[in-house]
Amino acid sequence: MGNRGMEDLIPLVNRLHEALGSVGHSCSLQLPQIAVVGGQSAGKSSVLENFVGRDFLPRGSGIVTRRPLILQLLHANTEYGEFLHCKGKKFTDFDKVCKEIEAETCRVTGSNKGISSVPISLRIYSPHVLNLTLVDLPGITKVPVGDQPADIEYQIRDMIMQYICNENCLILAVSPANADLATSDALKLAKDVDPQGQRTIGVITKLDLMDGGTDAREILENRLLPLRRGYIGVVNRSQKDIDGKKDIKAALDAERKFFLSHPSYKHMAERMGTPYLQRILNQQLTNHIRDTLPAFRSHLQSQLLALNKEAEEYRKYSPDDPARRTKTLLQLVQRLAVDFEKLIEGSGDKVDTVHLSGGAKINRIFHERFPYELVKIKFDEKKLRQEINYAIRNIHGVRTGLFTPDLAFEAIVKKQILRVTGPCMKCIDMVSQELITTVYQCIDKLTSFPTLRNETERIVTSEIREQESKCREQVMLLIDIQLAYINTRHEDFVGFTNGQQMYTQGNKKVPERMTGNQGVAPPSSLIVIRKGWLTLNNISIIKGGAKEYWFILTAETLSWFKDDAEKEKKFMLPLDNLMLKDVEKGFMSSKCAFAIFSTELRNVYKDYKCLELACNSQEELDSWKASLLRAGVYPEKIPVDERGNGAPEIFMDPQLERQVETIRNLVNSYMNIIYKTIRDLLPKTTMHLMINSVKEFIGSELLAQLYALGECSALMDESPEQQQHREEVLRQHTALKEALAVIGEISTTTCTTPLPPPVDSSWIQPSSATQPKNSVRGHRATTRGHAPQAPLGRAASLSSRGRKQLSGHLNRAPSVPSRQPPPVPKVK
């Protein structure tokens with residue numbers, strides 16, 4: 001009876017199948033088993049029936065096995081069969097077992113030769129069997145029949161791969177003796193996934209059907225076309241015997257007489273035949289289970305450990321207990337408040353290293369996006385001068401003014417202050433949206449209770465909108481305050497006298513930054529504002545096209561180097577009279593681009609009027625723009641007047657030109673004060689009225705408003721998905737504990753047979769499936785790659801006799817690139 005030291009191991013794995021199969025874990029945990037692989041009509045089903053001693057498998061022409069059959073053989077005193085899908089029903093009539101397999105196959109695959117990877121589980125108890133777990137897989141076919149798809153060969157190979165790719169699966173490669181063994185599909189697939197031959201056992205069938213004068217002696221002796229675990233020969237019943245209802249016991253007696261009487265096989269008759277194959281499989285599967293048991297136990301323990309905490313929480317949770325519901329509600333709201341505060345204020349645990357979110361994104365809005373929006377309106381230079389011109393002339397009316405009118409200054413300043421409203425409202429919108437996004441991120445943890453989640457989302461979102469409205473009102477009040485009184489006595493305001501002097505000096509000045517390069521660099525040139533990689537697009541294709549360089553932006557220059565070692569400087573560009581503008585993405589480019597150009601229309605880089613730069617994301621682009629703003633490089637905004645003309649107006653009157661320039665300087669000075677004030681007050685106002693208020697509301701008022709709904713019990717109703725998940729976790733936890741208890745009952749002390757030494761198996765060609773042929777109904781042929789191949793190479797060389805045997809098989813079409821092994825299916 002096989003390996004007596006561990007004869008309970010195979011029933012142990014069957015119990016694990018049963019314990020873990022209820023939660024869909026048996027295949028994902030890769031329990032040890034034996035997969036029977038072979039071509040159509042290779043004799044796989046006959047071998048299995050010989051093991052049992054009964055006719056119980058469907059027979060016929062073409063593809064008969066159309067779903068994997070997981071066959072568990074268990075030694076017992078009585079003889080009957082049980083299906084996993086018919087629990088509790090015992091089949092003592094094996095003709096009914098056959099009909100049930102056919103009916104269950106047709107239920108899933110239909111009646112016209114379709115296939116499915118969903119297995120049928122059959123357990124057979126008998127005094128005539130040894131403990132074994134085998135998987136009977138569909139035979140490998142070449143030509144589709146019936147309504148089978150044109151790629152039926154590949155589908156079957158994929159299904160086989162789902163099982164034999166499992167490292168805990170022994171492969172029983174069945175090949176007929178009356179076919180060329182070197183072209184055996186079963187051995188090719190086994191070689192793909194088991195190149196060292198540690199899991200492959202060869203079975204040679206139909207030895208009695210070989211041509212006269214030929215035999216398989218050298219193959220069975222493992223001298224020709226060797227396998228590491230060798231071959232075992234069997235003789236099955238012929239189709240005539242099956243039709244004549246020849247008893248399997250009589251067939252086994254005839255098999256034994258065949259080996260004892262055949263001159264080529266009688267010296268190894270004790271190592272041939274179905275009973276010997278059954279004993280070998282029992283022994284090797286048992287030893288395989290013993291070898292994989294420690295790692296399997298560790299895998300189960302790690303899964304149990306991962307589920308312990310969650311299962312403990314679910315075990316204590318009683319859905320119908322009001323006190324438990326109230327406590328859970330309180331805990332969830334408190335956790336929501338803590339999570340929201342962490343996302344806004346920042347914390348060291350669970351840091352997002354991929355995206356900005358919460359407080360970090362709001363900080364970016366305050367200090368990058370908002371200042372940039374202000375600057376975009378601040379430097380609409382042409383339109384501003386035109387407005388000043390019209391204001392002065394309209395104030396003077398028909399007369400010619402001798403002095404610069406202060407009313408023109410006040411009118412222009414108030415108009416500019418009003419234009420600040422847009423960026424301020426946009427900033428509040430962005431902060432509000434980010435708060436809502438942060439709330440959604442926090443309440444996702446309430447998905448288990450959909451009513452509670454929906455009510456929490458509604459209440460908190462309403463509070464954010466309410467606080468947003470208050471914040472808008474307060475910001476509008478701040479702007480109205482600035483409009484109410486133009487303080488020309490402000491300490492930072494230049495005044496009319498200084499404004500006129502600035503105009504006079506502006507016409508005579510020489511750029512100071514350019515002179516700074518003549519001697520010692522001024523301190524501002526040493527202030528590094530930003531460093532980073534940018535792609536320089538101003539490089540001809542002849543010289544390699546666009547390249548990445550390491551850029552350094554200071555208060556006075558933009559320099560770039562070959563790399564971040566900053567040793568080989570490529571160029572240094574002074575920032576005087578430079579502006580930036582957006583550039584559309586190229587046809588094949590995913591990068592965001594911008595350009596720097598001179599307001600004096602001079603070349604900024606070699607022969608180029610524009611320096612075109614690109615970065616990897618819009619976020620990085622915005623950050624570079626904000627840094628360039630700090631360095632005094634402002635964005636271009638092309639002004640257009642009411643009639644659509646963009647050409648600047650030429651001042652014919654020098655006195656008017658002087659007055660426009662004076663008021664322009666005064667407006668610039670006063671608006672700098674306004675911008676500085678708004679940049680300071682807007683984040684403070686938003687923080688106080690929106691962010692802190694919402695944070696305080698979630699921490700102290702949210703729970704009270706939830707209680708005020710009056711349906712606290714209904715709030716804590718679980719979603720069907722959560723209820724299913726809770727039950728699933730508890731079932732998995734129980735199944736894992738049961739599986740570990742089952743493993744704990746077994747002693748792993750046994751005698752074992754060592755694995756034979758490696759052999760040269762390079763005679764097995766890699767699997768190379770032929771292109772599917774047209775079906776009988778005329779379907780178009782489809783072309784796919786052959787079945788997945790193992791990554792390891794083949795052995796070094798063939799034996800001399802092997803070369804002669806294989807000489808006719810080496811001239812083949814080159815193999816098609818292999819596909820990845822498909823995932824292992826879950827057993828239901």
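Model, not experiment: these values are computed from the prediction.
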> Any donor and acceptor pair, going by atom type alone, linking the side chain of Thr214 with main-chain N or O of Met210 inside 3.5 Å?
Replying inline: no
>> Any side-chain to backbone donor/acceptor pair from Asp194 onto Thr200? Under 3.5 Å, distance only.
In response: yes
> Between Thr205 and Asn236, does any side-chain donor sit less than 3.5 Å from a side-chain acceptor?
Replying inline: no
> Between CG of Leu281 and CD1 of Ile201, what distance do you get to the nearest 0.5 Å?
Replying inline: 5.0 Å
>> Regarding His267 and Glu221, do their side chains bring together a donor and an acceptor under 3.5 Å, going by distance alone?
In response: yes
> Checking Asn287 side chain against Gln283 main chain: does a donor-acceptor pair fall under 3.5 Å?
Replying inline: yes
> Hey, does the side chain of Arg54 reach the backbone of Glu49 with a donor-acceptor pair shorter than 3.5 angstrom?
Replying inline: no
> Relative to the ring of Phe56, is the ring of Phe94 parallel (under 30°), tilted (30 to 60°) or perpendicular (over 60°)?
Replying inline: perpendicular
> Checking side-chain hydrogen bond (donor to acceptor under 3.5 Å, both in side chains) for the pair Arg229/Gln284: CA distance, chi angles, key distance, verdict?
Replying inline: CA-CA 10 Å; Arg229 290 184 181 266; Gln284 297 199 9; 2.5 Å; yes
>> Between Lys99 and Glu102, is the salt bridge (Lys or Arg N to Asp or Glu O under 4.0 Å) condition met? List the steps.
In response: CA-CA 5 Å; Lys99 291 179 181 178; Glu102 290 178 337; over 6 Å; no
> Is Ser46 reaching over with its side chain to a backbone N or O of Gly43, donor-acceptor style, under 3.5 angstrom?
Replying inline: no
>> Under 6.0 Å between ring centres: does that hold for Phe83 and Phe91?
In response: yes
>> Between Arg67 (side chain only) and Ile101 (backbone N and O only), is there a donor and an acceptor less than 3.5 Å apart?
In response: no
> Under 3.5 Å, is there a donor-acceptor pair linking the side chains of Thr274 and Glu255?
Replying inline: yes
